[in-house]
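Below is one structure, written out as structure tokens; comments come after it.
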Protein chains: 2
Amino acid sequence: MKDQSTEENILKAAISVFQKKGMAGARMQEIADEAKINKAMLHYYYKSKQKLFEAVFRQAFEKFAPHINQVFNSDKSVFEKITEFTDSYISFVMENPYLPNFLIQEINNNPEFADLFFGSEIAPNPFRFKKQIAEEIEMGILKPIDPKQLLLNLFSLTAFSFVGTGLVCGILNLDERKFKSMMEERKILIPELLINSIKK
Amino acid sequence: MKDQSTEENILKAAISVFQKKGMAGARMQEIADEAKINKAMLHYYYKSKQKLFEAVFRQAFEKFAPHINQVFNSDKSVFEKITEFTDSYISFVMENPYLPNFLIQEINNNPEFADLFFGSEIAPNPFRFKKQIAEEIEMGILKPIDPKQLLLNLFSLTAFSFVGTGLVCGILNLDERKFKSMMEERKILIPELLINSIKK
DNA sequence: GTCTATAGCCAGATAGAC
DNA sequence: GTCTATCTGGCTATAGAC
């Protein structure tokens, strides 16, 4: 936790502030305060707010992509993938609650910038998953379904609660404790719901 | 479309800009340009950026709440509610694609401000819906389910695609045309999925 | 009610001492 | 590498003419 280089300290503080406030809402001074260093150091190490933001975005994208790739590229069955993704994704996001929303907002705000990442090697590629679905339909394990709709259902059910936490808790009258216990329940409920809907 | 009062023009422009950029990212100059009037007029009519934002937020909340209340307070059966909400909500959001995300972001950023709305009369109240679920379980129409999890599933499945459009289209490789046609399909798929999972 | 001009502030960025 | 002091630009807001 200590003995980190200043550069690592800055990045860590920047992650915290940018993920909560977004590019437009974040302040360099706040990042400096969080890192307990002088504001000038941010520019010494990262040149500009934009460059620092890009480092944070890259880090967030790289942390997030493996969860998707686990679904797209592992050798597990579709049922196993759904179960394991749900569990590991919800656990992951409970530890990093601002990450999905940060990615979503900044991708929406800078589509051209985001395309840089979707074009790269670390970007998730649904090709193998589509093939797997086709095979399992062929084998009579799955009903004939659209793989993209299945993925969209899976992502929606797991991610939305964390992106819209405030609205969800407001409408459903949830405090933090109830919210968390519902998320734990969802680790079971979501795979059940999805698997039942696609198994032949 | 024309002959609107300046005040209406301003609000309309402010809605457009605030919903796309959020409070932190919006610029008074951009709102003035969009309304094709002088920047000083914004302050003449709405005093400050904050006040103008609040007018936009209120408008958005009031436009959104009836969709939720339709589920919470109408006399339809649970199955009908699911079907009708999905259809009307997706149609509504295709016409107002920035609205759900705007509400979500600003509620996340100003929880205390949002509580003002969740405490008010126009705020959706899940009380009747919970009672209805209990009754339909009692009658043997529904499996024993948690009404809050059902609502969360319904909101997640319908709203997430519009909140995370950029991320979703990036991961699933969708252009605008494909995205829209998937949303049309979802008007059927979502009620099917949810109703099958809860009917006894 | 509508405009021009500008005040005043705040945030990002840099110069320069140490 | 780290700090203090300061520049610069941009944005909200207002004063005041018409």
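Quick note on labels: first sequence line is chain A, next is B, and so on, each numbered from 1. These numbers were taken from a predicted model, which means no experiment stands behind them. All heavy atoms count here, side chains included; hydrogens, waters and symmetry mates do not.
- Within the 3.5 Å criterion, the main-chain N or O of B:Lys178 finds a donor-acceptor partner in the side chain of B:Ser181.
- Atom NZ of B:Lys49 is separated from atom C1' of D:dT14 by 17 Å (rounded to the nearest Å).
- Checking B:Asn101 against B:Gln105 by side-chain atom types alone, a donor-acceptor pair falls below 3.5 Å.
- Between B:Val71 and B:Tyr89 there is no side-chain heavy-atom pair separated by less than 4.5 Å.
- Side-chain N/O atoms of A:Thr6 include none lying less than 4.0 angstrom from OP1 or OP2 on D:dG1.
- In the model, B:Lys76 has no side-chain atom that pairs as donor or acceptor with a side-chain atom of B:Gln70 under 3.5 Å.
- Ring centroid separation for the pair A:Phe155 and A:Phe160 does not come in under the 6.0 Å cut-off.
- Going from atom NZ of A:Lys51 over to atom P of C:dG12 covers 16 Å, rounded to whole Å.
- For the helix from C:dG1-D:dC18 to C:dC18-D:dG1, the axis fitted to the five pairs at one end and the axis fitted to the five pairs at the other end meet at an angle of 10° (nearest 10 degrees).
- Under a 3.5 Å cut-off, the side chain of B:Glu136 and the backbone N or O of B:Val78 do form a donor-acceptor pair.
- No more than 12 heavy atoms of other residues, nucleotides or ligands sit less than 6.0 Å from atom CD of A:Glu95.
- Using a distance-only test at 3.5 Å, with no hydrogens or angles considered, a donor-acceptor pair links the side chain of A:Lys49 to the main chain of A:Met23.
- Using modelled atom types and a 3.5 Å distance limit, the side chains of A:Gln29 and A:Asp33 yield a donor-acceptor pair.
- A donor-acceptor pair is defined here as one N or O able to donate and one able to accept, closer than 3.5 Å; no such pair exists between the side chain of B:Asn96 and the backbone of B:Phe64.
- In this structure, CD of A:Gln50 is placed 18 Å from P of C:dA11, rounded to the nearest angstrom.
- Looking at A:Lys187 and A:Thr83, their side chains never bring a donor and an acceptor atom within 3.5 Å of each other.
- The nearest whole Å value for the distance from the CD1 atom in B:Ile10 to the P atom in C:dG1 is 11 Å.
- C:dA11 atom P lies 16 Å from atom CG of A:Leu52, rounded to whole Å.
- DNA chain C is contacted by no residue of residues 16-28 of chain B, taking any non-hydrogen atom closer than 4.0 Å.
- Separating the CD atom of B:Gln29 from the P atom of D:dG9 is a distance of 18 Å, rounded to the nearest angstrom.
- Using a 4.0 Å cut-off on heavy atoms, the residues of residues 31-45 of chain A that approach DNA chain C are A:Lys39, A:Ala40, A:His43, listed by number.
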